[in-house]
Amino acid sequence: VNDLASILLSFRFGRYGMMNDISKFHNRVYLFQEDFMMQLFKWRFCNLEVVERIYAILVNTFGVKSANATATIAVRKSARKVLEEVKKTKVEEDIKIMEEAVEIVLKKMYIDDLLHGELEKEKVKKLMDALDRIFREAGMPAKGWIISGEKKGEVLLGEPEDPQEKALGLVWEVEEDLFKYQINMKFAGTNKEKSISKPRITAEELKKNPRVDLTRRQVLSELAKIFDPLGMVSPVILEGKLLIRESWSGDNSDIPGWDDLLPENQQRRWNQWFVEAYNIEELHFPRAIVPLEKTDGKPTLVIFSDGSTN
């Protein structure tokens with residue numbers, strides 16, 4: 001599986017962003033007959049008096065440890081097969097486009113999601129056609145292309161139109177071509193079922209009713225919900241990490257356990273951090289880090305470093 005952060009970085013190195021994901025990615029791969037025996041199950045039709053029947057799952061199944069690798073290998077083999085077919089035509093332009101499409105499949109897919117940043121608009125349509133051909137060869141139809149700066153396609157009846165998409169977990173405003181952040185604090189602890197059903201707590205609610213039941217486990221859980229693989233809001237997250245480290249300072253006898261209440265002064269500082277963290281939602285970052293207009297020369301990389309003990 002390709003590195004998620006690397007795919008997102010390459011997604012930004014293009015004036016035009018294009019994204020797609022494959023429908024039923026794992027189940028599109030049909031297993032060899034000798035592998036059927038590894039996916040058997042008994043079924044009684046909810047009737048204990050009926051003799052159970054044995055069934056076999058004949059396709060690659062999501063949840064099996066090898067499922068991602070199996071489906072990924074299948075789509076990559078299909079990409080190479082299509083490239084060999086195109087090379088037989090000896091049409092240089094088609095071969096070049098298909099070679100780029102294969103490179104995208106090999107390096108810019110994260111399981112069933114594909115993200116690519118392209119510098120030239122005229123190449124976007126050609127790459128889309130080439131990639132669609134690869135997906136058809138693999139028997140993996142794509143759900144539909146999303147291109148930066150364009151309105152989203154058809155919306156299902158009764159569903160509100162949402163200009164936002166998720167690009168590998170990051171909120172992407174497609175028309176404005178911006179990355180944004182959403183804060184989703186619920187203070188439900190590690191109970192996943194409770195976390196799903198519990199409503200989101202707003203900054204205003206936290207200001208009126210500060211939390212007085214914060215534990216180290218709870219604050220760490222809320223801090224981890226801010227998904228930032230590119231480090232664009234790392235200064236905010238770093239402050240939270242420093243507060244976590246501070247909760248371990250002091251004599252061993254004074255350090256609270258994971259589920260013990262934090263000291264009052266730490267509770268106060270965490271409440272302040274949670275309220276301030278909501279300001280992240282007002283930030284936005286351009287997806288593309290290259291100018292929209294063509295420029296001469298090469299970019300300059302400027303790096304800052306700090307030798308602070310913190």
Side-chain angles (χ1 to χ4, degrees), residues 4-5 8 12 19 113 146 151-152 155-250 254-287 310:
L4 184 143
L8 285 171
R12 304 190 73 192
M19 183 175 72
D113 292 309
I146 297 172
K151 289 187 176 182
K152 291 173 62 176
V155 178
L156 295 178
L157 185 64
E159 289 191 354
E161 186 170 358
D162 187 353
Q164 296 180 343
E165 282 288 338
K166 283 290 186 71
L168 294 183
L170 284 181
V171 178
W172 180 28
E173 288 275 4
V174 179
E175 290 184 48
E176 299 177 35
D177 203 12
L178 299 172
F179 282 142
K180 296 185 177 181
Y181 286 81
Q182 290 179 341
I183 303 299
N184 189 32
M185 294 182 186
K186 296 184 177 182
F187 298 97
T190 56
N191 189 324
K192 291 184 177 180
E193 184 177 342
K194 185 178 178 182
S195 179
I196 294 172
S197 60
K198 193 172 182 179
R200 172 181 181 265
I201 295 176
T202 65
E204 289 72 22
E205 289 173 330
L206 273 177
K207 288 179 183 179
K208 293 179 181 178
N209 301 297
R211 305 291 299 193
V212 294
D213 58 348
L214 296 176
T215 65
R216 183 185 291 110
R217 190 186 304 277
Q218 195 170 54
V219 296
L220 183 60
S221 174
E222 298 302 325
L223 175 63
K225 289 179 183 177
I226 303 178
F227 184 64
D228 184 36
L230 297 179
M232 292 186 287
V233 294
S234 57
V236 178
I237 296 176
L238 177 59
E239 186 177 355
K241 290 180 177 179
L242 291 175
L243 287 174
I244 287 286
R245 189 177 72 173
E246 186 178 312
S247 70
W248 288 101
S249 62
D254 298 331
I255 297 176
W258 280 102
D259 297 307
D260 295 332
L261 291 178
L262 293 172
E264 185 178 343
N265 65 321
Q266 292 186 26
Q267 297 252 3
R268 184 173 59 255
R269 293 179 64 185
W270 270 110
N271 275 289
Q272 182 182 351
W273 184 87
F274 287 135
V275 171
E276 292 176 352
Y278 277 90
N279 293 328
I280 294 176
E281 295 186 327
E282 299 177 13
L283 301 176
H284 61 267
F285 301 87
R287 178 203 55 80
N310 287 330

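Quick note: numbers below take in every heavy atom, side chains included, and nothing from hydrogens, waters or symmetry partners.
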Inter-residue atom distance L4.CG - L230.CG, 0.5 Å rounding | 8.0 Å

Heavy-atom closest contact (L8 atom, P229 atom, distance) = CD1-CG, 3.5 Å

Should N271 and L214 count as side-chain neighbours, where that means a heavy-atom distance under 4.5 Å?
-> yes

Minimum heavy-atom distance between K166 and G169, given as atom pair plus value | CD-O, 3.7 Å

Rounded to the nearest 0.5 angstrom, the OH-CG distance for Y181 and N279 is 15.0 Å

Between atom CH2 of W273 and atom CG of L223, what is the distance when rounded to the nearest 0.5 Å?
-> 4.5 Å

So, does D113 use its side chain to make a donor-acceptor pair with the main chain of L168 at under 3.5 Å?
-> no

Test log, rule side chain to side chain contact (heavy atoms under 4.5 Å, CB included), inputs L283 and K180 = CA-CA 6 Å; L283 301 176; K180 296 185 177 181; over 6 Å; no

Side-chain touch V219/L243, heavy atoms, less than 4.5 angstrom | no

Where do E222 and K225 land on the salt bridge (charged side-chain N to carboxylate O under 4.0 Å, His left out) test, with the steps shown first?
-> CA-CA 5 Å; E222 298 302 325; K225 289 179 183 177; 3.2 Å; yes

Here the pair of heavy atoms bringing R12 nearest to P286 is NH2-O, 2.7 Å

Min side-chain heavy-atom separation W270-I244 under 4.5 Å = yes

With rounding to the nearest 0.5 Å, note down the distance linking CD1 in I226 to CG in N184.
-> 10.5 Å

Report yes if the side chains of Y278 and L206 come closer than 4.5 Å at any heavy-atom pair, otherwise no.
-> yes

In Å and rounded to the nearest 0.5 Å, what is the CZ to CG distance from F227 to L170?
-> 6.0 Å

Give a yes or no on whether the backbone of P263 and the side-chain of Q266 come within a donor-acceptor separation of less than 3.5 Å.
-> no

Would a distance-only check, ignoring hydrogens and angles, find a side-chain to backbone donor-acceptor pair under 3.5 Å from E281 to I183?
-> yes

At their closest point, which heavy atom of L261 faces which heavy atom of V212, and how far apart are they?
-> CD2-O, 4.1 Å

Could you check if a side-chain atom of D177 sits within less than 4.5 angstrom of a side-chain atom of W172, using non-hydrogen atoms only?
-> yes

Of Q218, R217, R216, which meets side-chain hydrogen bond (donor to acceptor under 3.5 Å, both in side chains) against D259?
-> R217

Does the side chain of H284 reach to within under 4.5 Å of the side chain of E176, using non-hydrogen atoms?
-> no

Are E165 and R287 close enough, and set up right, to give a salt bridge (charged side-chain N to carboxylate O under 4.0 Å, His left out), and what steps lead you there?
-> CA-CA 13 Å; E165 282 288 338; R287 178 203 55 80; over 6 Å; no

Point-to-point distance, once rounded to the nearest 0.5 Å, from CZ of R269 to CD of E239 = 8.0 Å

Within a strict 4.5 Å, meaning less than it, do heavy atoms of the P256 and L262 side chains meet?
-> yes

Side-chain contact test, heavy atoms from C-beta onward, threshold under 4.5 Å: evaluate it for D213 versus F187 and give yes or no.
-> no

So with a 6.0 Å cut-off around CZ of R211, is the heavy-atom count from everything else above 12?
-> yes

